[in-house]
Amino acid sequence: MNTTLKKPRVVIGLSGGVDSSVSAWLLKEQGYDVVGLFMKNWEDDDDSEYCSTRQDWIDAASVADVLGIDIEAVNFSAEYKDRVFAEFLREYSAGRTPNPDVLCNAEIKFKAFLDHAMTLGADFIATGHYARVRSIEVNGNTEYQLLKGLDPLKDQSYFLHRLNQAQLSKAIFPLGEICKTEVRKIAQQLKLPNATKKDSTGICFIGERPFREFLNRYLPTKPGPILTDEGKEIGQHTGLAFYTLGQRKGLGIGGVKGYQADDGTADAWYVAHKDLKNNVLYVVSGHDHPWLLKPELEAEDASWIAGYTPALGNYGAKTRYRQQDAQCQLVSADDKKFTLAFEQAQWAVTPGQSAVLYDGDICLGGGIIY
Ligand SMILES: Nc1ncnc2c1ncn2[C@@H]1O[C@H](COP(=O)(O)OP(=O)(O)OP(=O)(O)O)[C@@H](O)[C@H]1O
C-alpha cells in the first residue's frame, strides 16, 4: 500500500513582482506543491515603452527557476477586454471613475485564473495580496471571512471585497501576516533576481502611460464650459469623462485665481461636480469647500462576502484605497444597494469608485458609489 500523502497543490499568480515571488517561496516552505501561473491580460500595442509584460514574464520565469517550481503562461486578454475593460469604458463614458483592479480580482484573478488553475489540478490558488482569509463555523456551516492584511500600509482587502465564499474557500494569501519590509528582506536573502524591483503602480493595463491620452484613444473629446460654484465660466473642459471628483491638476485654469486669503495666497481649484446633462464641469476653490464634502453616500451593485447582507449599525468604511476607515452607519442595505451615513463628512466621494465596509479588521464587502 502506498502511504505517501500527496501534497496539496497551489497555483500561484506569479507576476514577476517581489510579492508573489516571496509568496511562492513561503508556500513551498509550508510544504505545498507549488506551480506558478503568469497571466497576460493586455495585448501589447504600439506603446511598448509603457508595457512591461515581456520583462515581467522574464522575471517570473527566472524566479520560478530559482525556486525550483514549474511555471506556465496563460493569455486572458480576451476575457479581460470583455469583462473588465468594456465595463471600465462604459463607466468612464457615463462620467464615472471606475476601479478596474477591483473588477480584475473578481473576474480574472479569482475567476478565469481560478478556473484555469483547477484544470492544472489545483487544490488552492494564491496571490501576493496583503490580506487574510479565516474560516469560522456559523450554525454548523463554514463561513470564509476576508480580513485586512496586518501591514497597515499595504492592506489590499479593499481590492478584494467583491470575492465570494466559493472564491475565498480556494484562496491563500501567504503575505497576510507579514510586512512589506520583511518581504523585501526575504527576497534579498533568497537572492531572487527581482529582489529590488520597483513595485508596480497604477492600473495594470495603463501602467505609467499618460492617462488622458490613453483614454482619449477610446473615448471622444466633448468640450464644454468649466463653471465655478457661483456660475462664472473660467475655462473649457475637453470632455467630462476625462476628469474626476477632487481633481486639482490638469484643469487648464491655472491662470485664474481662486479664493484669495488676506495674505494674498490663492486657493487651488478642484473638480466638484459633473453636470452630464448640460456637459458642464463645476469647480470650487479650496480643498475644504462644502461641495467636496459628503455626509452620506449611496452605493449600488452590492457584493457581500458572507453571501448575506450585514445587519444595519456602526461600521468603518473606505471610499478609496489607502484611506483610514471612516466611522459610519449602515442605514439601509440589501443585496443590491446600501446607504452609509458618516460621522464626519467625507472628501470627494467619487461615483464609480468602491465603498467598502469593515467590521474592525473584517471586510464585509461593498458596492459602487453612485
Ligand atoms: N500578470 C500576472 N500574472 C500572474 N499573477 C499576477 C499578475 N499580476 C498580478 N498577479 C497576482 O496578483 C497579486 C496582486 O497584484 P498587484 O498587481 O496588486 O501586484 P503587487 O502587489 O505589485 O504584487 P507583485 O509584487 O507580486 O507584483 C500579485 O501578487 C500576483 O499574485
Side-chain angles (χ1 to χ4, degrees), residues 10-27 32 34-44 51-64 67 69-77 79-80 84 99-117 120 122 124-133 146 149 151 153-161 163 167 170-176 178-188 190 192-208 321-322:
V10 182
V11 174
I12 176 148
L14 270 188
S15 64
V18 73
D19 293 335
S20 48
S21 306
V22 170
S23 303
W25 178 75
L26 288 168
L27 290 168
Y32 289 104
V34 183
V35 176
L37 189 58
F38 176 85
M39 298 182 291
K40 183 172 158 84
N41 292 338
W42 190 252
E43 284 302 338
D44 285 351
C51 192
S52 60
T53 308
R54 187 181 297 270
Q55 186 58 44
D56 292 341
W57 161 246
I58 293 169
D59 292 340
S62 43
V63 164
L67 298 180
I69 61 173
D70 289 338
I71 182 163
E72 190 187 288
V74 61
N75 190 325
F76 288 136
S77 48
E79 289 84 348
Y80 193 92
V84 181
N99 193 327
D101 291 338
V102 168
L103 208 52
C104 177
N105 281 322
E107 293 295 328
I108 305 296
K109 290 180 187 157
F110 292 87
K111 201 170 269 176
F113 182 103
L114 177 57
D115 291 345
H116 187 77
L120 300 176
F124 300 99
I125 61 167
T127 61
H129 283 108
Y130 290 78
R132 292 173 288 157
V133 186
L146 176 68
D151 181 344
L153 298 176
K154 285 296 295 181
D155 164 43
Q156 289 174 309
S157 55
Y158 180 87
F159 293 118
L160 298 166
H161 76 272
L163 300 192
Q167 291 166 316
K170 294 284 176 202
I172 302 180
F173 301 122
L175 304 187
I178 53 180
C179 289
K180 178 80 189 201
T181 47
E182 181 67 18
V183 170
R184 284 266 177 217
K185 223 185 275 167
I186 296 173
Q188 270 153 4
L190 296 172
L192 293 182
N194 59 356
T196 55
K197 184 173 176 176
K198 232 175 81 200
D199 284 344
S200 54
T201 51
I203 298 165
C204 55
F205 57 85
I206 298 168
E208 310 288 334
Y321 177 50
R322 286 242 160 91

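Positions are given from 1 along the sequence. When a ligand or atom number is given, it counts from 1 through the structure's own listing order. All values below come from the heavy atoms of this structure, side chains included, with hydrogens, waters and symmetry mates left out.
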A.B. asks: Quick one: closest heavy-atom pair of Asn105 and His129, and the distance?
C.D. replies: OD1-CE1, 3.4 Å
A.B. asks: Sequence neighbours excluded and cut-off under 3.5 Å, please list the side-chain donor-acceptor pairs for residues 178-187, or say none.
C.D. replies:
from, atom 1, to, atom 2, distance (Å)
Lys180, NZ, Asp19, OD1, 2.9
Lys180, NZ, Asp19, OD2, 3.2
Lys180, NZ, Asp199, OD1, 2.8
Lys180, NZ, Asp199, OD2, 3.2
Arg184, NH1, Ala195, O, 2.7
Arg184, NH1, Lys197, O, 3.0
Arg184, NH2, Lys197, O, 2.7
Arg184, NH2, Asp199, OD1, 3.0

A.B. asks: At less than 4.0 angstrom from any non-hydrogen atom of Asp19, what atoms of ligand 1 do you find?
C.D. replies: 20 (P), 21 (O), 23 (O), 24 (P), 25 (O), 26 (O)
A.B. asks: Which of these, Cys104, Ala60, Gly13, has its nearest heavy atom closest to atom 11 (C) of ligand 1?
C.D. replies: Gly13
A.B. asks: Just heavy atoms, cut-off under 4.0 Å: does Leu14 contact ligand 1 by side chain, backbone, both, or neither?
C.D. replies: backbone
A.B. asks: Can you check side-chain contact (heavy atoms from CB on, under 4.5 Å) on Asn99 and Phe159, steps first, answer last?
C.D. replies: CA-CA 9 Å; Asn99 193 327; Phe159 293 118; 3.8 Å; yes
A.B. asks: For ligand 1, note which part of Asp199 has a heavy atom under 4.0 Å away: side chain, backbone, both or neither.
C.D. replies: neither
A.B. asks: Gly128 versus ligand 1: do any nitrogen or oxygen atoms come within less than 3.5 Å of each other?
C.D. replies: yes
A.B. asks: Please identify each residue that fulfils ring pair (Phe, Tyr, Trp, His ring centres under 6.0 Å) with Phe76, with sequence neighbours left out.
C.D. replies: none
A.B. asks: Enumerate the atoms of ligand 1 whose separation from the nearest heavy atom of Val18 is less than 4.0 angstrom.
C.D. replies: 25 (O)
A.B. asks: So, is Ala126 polar-close to ligand 1, with some N/O to N/O distance under 3.5 Å?
C.D. replies: no
A.B. asks: Ignoring angles and geometry beyond distance, decide whether Ile12 reaches within less than 3.5 Å of ligand 1 through its nitrogen or oxygen atoms.
C.D. replies: no
A.B. asks: So, is Thr127 polar-close to ligand 1, with some N/O to N/O distance under 3.5 Å?
C.D. replies: no
A.B. asks: Do the side chains of Leu163 and Leu146 get nearer than 4.5 Å, heavy atoms only?
C.D. replies: no
A.B. asks: For Gln156, state whether at least one heavy atom is located under 4.0 Å from any atom of ligand 1.
C.D. replies: yes
A.B. asks: Kindly compute the distance separating OG1 (Thr127) from CZ (Phe110), expressed to the nearest 0.5 Å.
C.D. replies: 4.0 Å
A.B. asks: Heavy-atom count around Asp70 CG within 6.0 Å, excluding the residue itself: above 12?
C.D. replies: no
A.B. asks: Based purely on interatomic distance, does Lys180 place a nitrogen or oxygen under 3.5 Å from a nitrogen or oxygen of ligand 1?
C.D. replies: no
A.B. asks: Check each heavy atom of Lys40 against ligand 1 and say whether those closer than 4.0 Å belong to the side chain, the backbone, both or neither.
C.D. replies: neither
A.B. asks: Within the structure, does Ser20 bring an N/O atom to less than 3.5 angstrom of an N/O atom in ligand 1?
C.D. replies: yes
A.B. asks: Which atoms form the tightest heavy-atom contact between Ser20 and Gly13, and what is the distance?
C.D. replies: CB-O, 3.1 Å
A.B. asks: Classify the ring geometry between Tyr158 and Tyr321 as parallel (under 30°), tilted (30 to 60°) or perpendicular (over 60°).
C.D. replies: tilted
